[in-house]
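All remarks here apply to the structure that follows.
Given the structure is predicted, the values throughout are model-derived calculations rather than measurements.
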Amino acid sequence: MTITSALAALTAGDPRRARDLASAAGTPLGRALAAYLAGDADGTVYDRPAAFRAFIGGGGNTGLYAAVGAALADLAGRLRPASLLDVGCGDGRALLPGLAGHRPDRLTLVEPSAALLEAAVRGVPGGIALDARRTRVEPFAGTCGRFDLAQSTFALHTLPHEVRDGVLAALAPKVGALAVVEFDVPDLPPRDRLRFLAETYERGLAEYGADRDLVAQGFLMPVLTGQLLPGAVRSTWEQPAARWAEQVRRAGFTDVRVRPLHDYWSSPAFLLTASGAARPSGFRA
């Protein structure tokens with residue numbers, strides 16, 4: 001039996017059969033999925049900061065975040081925003097490298113995890129007017145002020161597509177430039193998608209050693225099952241880069257540009273930049 005069969009059973013709403021098939025697959029992913037389905041986890045992620053930190057601090061994320069931090073630092077160095085909004089800042093590992101170069105006068109962080117937000121705040125240099133909001137972006141976007149630059153790193157994919165439409169539309173008139181870092185996830189037919197998930201998650205798990213169980217049970221398995229099992233808590237709504245660009249344009253942004261950023265075990269990461277309606281004269285992403 002292959003792990004793809006287990007994922008198909010999950011999609012059909014049969015977690016018990018999925019567990020048995022996963023166990024019989026005899027691979028790291030099969031064992032991790034079987035263990036997860038044998039437990040009573042509710043599928044929630046990001047509220048277990050130890051697992052998330054172990055995930056982003058190891059494996060291919062080391063090179064990924066180095067590339068992301070460098071790209072955002074370069075963008076901030078060119079735009080030199082006086083006000084910066086970071087949506088879903090996590091523990092700040094993508095944000096903080098840029099602050100070592102250009103420091104905005106005003107920095108607003110939006111992050112629903114108290115533990116991750118606290119870690120990000122600790123790393124912000126002095127001399128910056130800091131507004132740290134422990135909240136989701138949906139209520140914030142409708143009432144926030146203006147920002148020269150709004151950026152988000154691997155956070156907007158956690159919003160359902162229609163909710164993301166609303167957030168982007170709310171931000172478009174309020175920001176001068178937008179920077180989004182996400183994964184270029186292919187749009188595949190159902191069977192090909194299951195095979196893709198099986199292959200990529202197997203590769204991802206293989207990158208971890210001592211922290212593999214923590215990463216698998218606390219982060220990767222709930223993310224995987226949430227995409228497939230009917231009624232499970234879902235935490236990701238990814239899409240191809242071209243569809244991200246379309247969504248940003250539809251929200252009211254202009255000058256939308258996408259460039260590859262870093263190869264990664266799940267899908268290549270990219271940087272999307274765009275201009276919002278609040279851009280100062282000569283200010284372009």
Side-chain angles (χ1 to χ4, degrees), residues 67-90 92-111 117 120-121 123-125 127-133 135-159 163-182 241-261 269-285:
V68 171
L72 293 180
D74 176 72
L75 182 64
R78 289 189 287 109
L79 298 182
R80 306 196 67 78
S83 53
L84 172 62
L85 166 66
D86 193 302
V87 174
C89 66
R93 71 182 57 218
L95 163 74
L96 298 177
L99 299 182
H102 172 72
R103 295 188 183 184
D105 299 327
R106 179 165 58 93
L107 173 64
T108 299
L109 306 180
V110 173
E111 169 58 51
L117 181 60
V121 167
V124 175
I128 298 175
L130 177 62
D131 181 11
R133 305 284 189 99
T135 181
R136 294 183 61 85
V137 67
E138 298 95 311
F140 174 84
T143 60
C144 69
R146 296 194 169 208
F147 297 92
D148 290 338
L149 174 62
Q151 65 185 35
S152 182
T153 305
F154 308 122
L156 292 180
H157 73 260
T158 66
L159 302 177
V163 175
R164 192 187 307 141
D165 278 335
V167 167
L168 289 169
L171 290 176
K174 300 175 181 178
V175 304
L178 175 72
V180 174
V181 180
E182 287 289 353
R243 199 167 297 163
W244 278 98
E246 292 170 6
Q247 189 169 32
V248 168
R249 289 191 188 96
R250 187 168 64 244
F253 289 91
T254 59
D255 302 324
V256 180
R257 304 178 182 185
V258 175
R259 70 173 178 87
L261 193 58
F270 66 87
L271 170 65
L272 179 152
T273 58
S275 296
R279 63 185 182 276
S281 177
F283 190 83
R284 182 174 180 178

With rounding to the nearest 0.5 angstrom, report the [atom1] to [atom2] distance, [X] to [Y].
X      : Y      : atom1 : atom2 : value
Leu156 : Thr158 : CG    : OG1   : 7.0 Å
His157 : Ser152 : NE2   : OG    : 9.5 Å
Glu182 : Trp244 : CD    : CH2   : 4.0 Å
Asp74  : Leu79  : CG    : CG    : 9.0 Å
Leu109 : Cys89  : CG    : SG    : 4.5 Å
Leu130 : Leu84  : CG    : CG    : 10.5 Å

If you look at every heavy atom in [X] and [Y], which pair is closest and at what distance?
X      : Y      : answer
Leu159 : Arg164 : O-NH2, 3.0 Å
Arg146 : Arg106 : O-NH2, 2.8 Å
Phe270 : Val258 : CD1-CG1, 3.7 Å
Asp86  : Gln151 : OD2-NE2, 2.9 Å
Phe253 : Ala172 : CZ-CA, 3.4 Å
Leu271 : Ala71  : CD2-CB, 4.3 Å

Would the distance check show the side chain of [X] and the main-chain N or O of [Y] forming a donor-acceptor pair, the cut-off being under 3.5 Å?
X      : Y      : result
Glu111 : Gly90  : yes
Thr273 : Ala179 : no
Glu138 : Val163 : no
Lys174 : Gly142 : yes
Asp255 : Ser275 : no

Side-chain heavy-atom pair Pro97, Val68 within 4.5 angstrom cut-off: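 Not in contact.
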For Pro125, side chain to side chain contact (heavy atoms under 4.5 Å, CB included) partners two or more places apart: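 For Pro125, the residues satisfying side chain to side chain contact (heavy atoms under 4.5 Å, CB included) (neighbours in sequence not counted) are Leu99, Arg103, Ile128.
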So which of Val248, Leu149, Val87 actually passes side-chain contact (heavy atoms from CB on, under 4.5 Å) with Leu178?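 Exactly one option meets the side-chain contact (heavy atoms from CB on, under 4.5 Å) with Leu178, and it is Val248.
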Check the pair Ser83, Thr108 against side-chain contact (heavy atoms from CB on, under 4.5 Å), reporting the backbone distance first and the verdict last. CA-CA 8 Å; Ser83 53; Thr108 299; over 6 Å; no
